[in-house]
Amino acid sequence: MDVHVLRALIFPFFMALSGVVFAAPIDDQTPIPNASVTSDYTFSRRQCIHLPSGAAQPNSLERCVSLDISYPVTTSGIDAYIRGVLIYRLSGQASVANTLPQAVDGFLSAQVARLEQQVSGSSSFAFSWQILGQHNGFSVLAEQVRQHESDSDERLLRQFTVLEGNAQRPLDLADILVSGQGEALAKLQESALLAWLVQYGRMQWGDAQITMAALPYKYSENWAISRNGVAFGYDPLLLDGKIQLPLVVLSATELEGVVRPDILSAARSWPVDLARHLGGLYQQGVMH
């Protein structure tokens, strides 16, 4: 999947997680030192419609759309980048809305119009961002998006973004690979995901291999710098009745000659261990 498409479009790429309740974090969430963060911006808005009653439904129906947004406010201008992405997410095209309030208005109006055509249901959407380290001219962002429908379906997306330099240019995986090393990285990712299934999916080696063979993807372009390595995020998996969101980290030593030296240099002194910080954030859930 083209990472540009994933960043530009939102809900078509969600994985539907029917009837899932995500557990609270299980790891110790150590505060992340980000010198440029001054505060957090939070926004919440709810818009409802009342549909007329009918023979099948004697009382009027109220259907609502709620939207929650949170992101860090910084002195480095990263929040301006985040607002631009949010406008893109909410409006579908950057040119449709010039400001975040305009994008919010358009998004809520579109969702309310959608609800008017449905037999039942309300919707809630939540967009949240955090900075997972800044070092050596790089910044790592994690975006989490949730969509919940009243019929209990929940959709989840977690996307990493790595910004480079004062221009805060987002780096795709292709930007950091040494030429001709895509296949080498794919093999390392496949081995790491297999090990993840054994350790965190609690599978026997043979069962993990069968699961791997059935997966539609084994290669991830959703990457971030982590302490002593590079992390790769995958779409949710249903394992033994639990929702797991795999996160594998390849060490800087493994990636020598595969990934740009400056990325590995930053990783060796990166302030945040993503596997530790995010390991329990979305990893465990229980089915109704």
Criterion side-chain contact (heavy atoms from CB on, under 4.5 Å) against Tyr234, the qualifying member of Leu215, Val248, Asn222: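 Exactly one option meets the side-chain contact (heavy atoms from CB on, under 4.5 Å) with Tyr234, and it is Val248.
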Pick out which of Val272, Leu163, Leu132 makes a side-chain contact (heavy atoms from CB on, under 4.5 Å) with Val140.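 Single pass found, and it is Leu132.
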So, do [X] and [Y] sit near enough that their side-chain heavy atoms are less than 4.5 Å apart?
X: Leu193; Y: Pro246; answer: yes
X: Thr74; Y: Ile131; answer: yes
X: Ser76; Y: Gln134; answer: yes
X: Leu247; Y: Arg158; answer: yes
X: Lys218; Y: Met212; answer: yes
X: Ser44; Y: Leu67; answer: no
X: Leu185; Y: Phe232; answer: yes
X: Val249; Y: Val230; answer: no

Interatomic distance, [X] atom [atom1] to [Y] atom [atom2] [nearest 0.5 angstrom]:
X: Phe138; Y: Ile263; atom1: CZ; atom2: CD1; value: 3.5 Å
X: Leu90; Y: Leu100; atom1: CG; atom2: CG; value: 6.5 Å
X: Ser269; Y: Leu264; atom1: OG; atom2: CG; value: 11.5 Å
X: Ile82; Y: Thr161; atom1: CD1; atom2: OG1; value: 8.5 Å
X: Ser70; Y: Phe43; atom1: OG; atom2: CZ; value: 12.0 Å
X: Gln189; Y: Glu221; atom1: CD; atom2: CD; value: 9.0 Å

In terms of heavy-atom contacts, does CZ of Arg45 have more than 12 from other residues, nucleotides or ligands at under 6.0 Å?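 Yes - once you tally the heavy atoms of other residues, nucleotides and ligands closer than 6.0 Å, there are more than 12.
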Give a yes-or-no answer on whether the side chains of [X] and [Y] include a donor-acceptor pair shorter than 3.5 Å.
X: Ser124; Y: Arg146; answer: no
X: Thr253; Y: Ser251; answer: no
X: Glu149; Y: Gln147; answer: yes

Taking all non-hydrogen atoms of both residues into account, name the closest pair between Ala275 and Ser226 and its distance.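 Shortest heavy-atom contact: N-OG, 4.4 Å.
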On a heavy-atom basis, which atom in Trp205 and which in Val198 lie closest, and how many Å separate them?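 Here Trp205 and Val198 meet closest at CE3-CG2, 3.3 Å.
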Single-linkage hydrophobic cluster, 4.5 Å side-chain cutoff, Leu177 and Leu188 together: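 Cluster IDs for Leu177 and Leu188 match.
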Take Ser123 and Leu115 through the side chain to side chain contact (heavy atoms under 4.5 Å, CB included) test and state the conclusion after the steps. CA-CA 8 Å; Ser123 300; Leu115 290 182; 3.9 Å; yes
Stepwise side chain to side chain contact (heavy atoms under 4.5 Å, CB included) test for Leu278 and Phe160: CA-CA 12 Å; Leu278 297 176; Phe160 297 121; 3.6 Å; yes
Trace of the salt bridge (Lys or Arg N to Asp or Glu O under 4.0 Å) decision for Glu256 with Arg268: CA-CA 12 Å; Glu256 287 181 358; Arg268 287 188 168 96; 2.7 Å; yes
Going through the checks in order, is the ring-ring contact (aromatic ring centres under 6.0 Å, His included) test met by Phe107 and Phe125? CA-CA 11 Å; Phe107 178 80; Phe125 303 86; 5.0 Å; yes
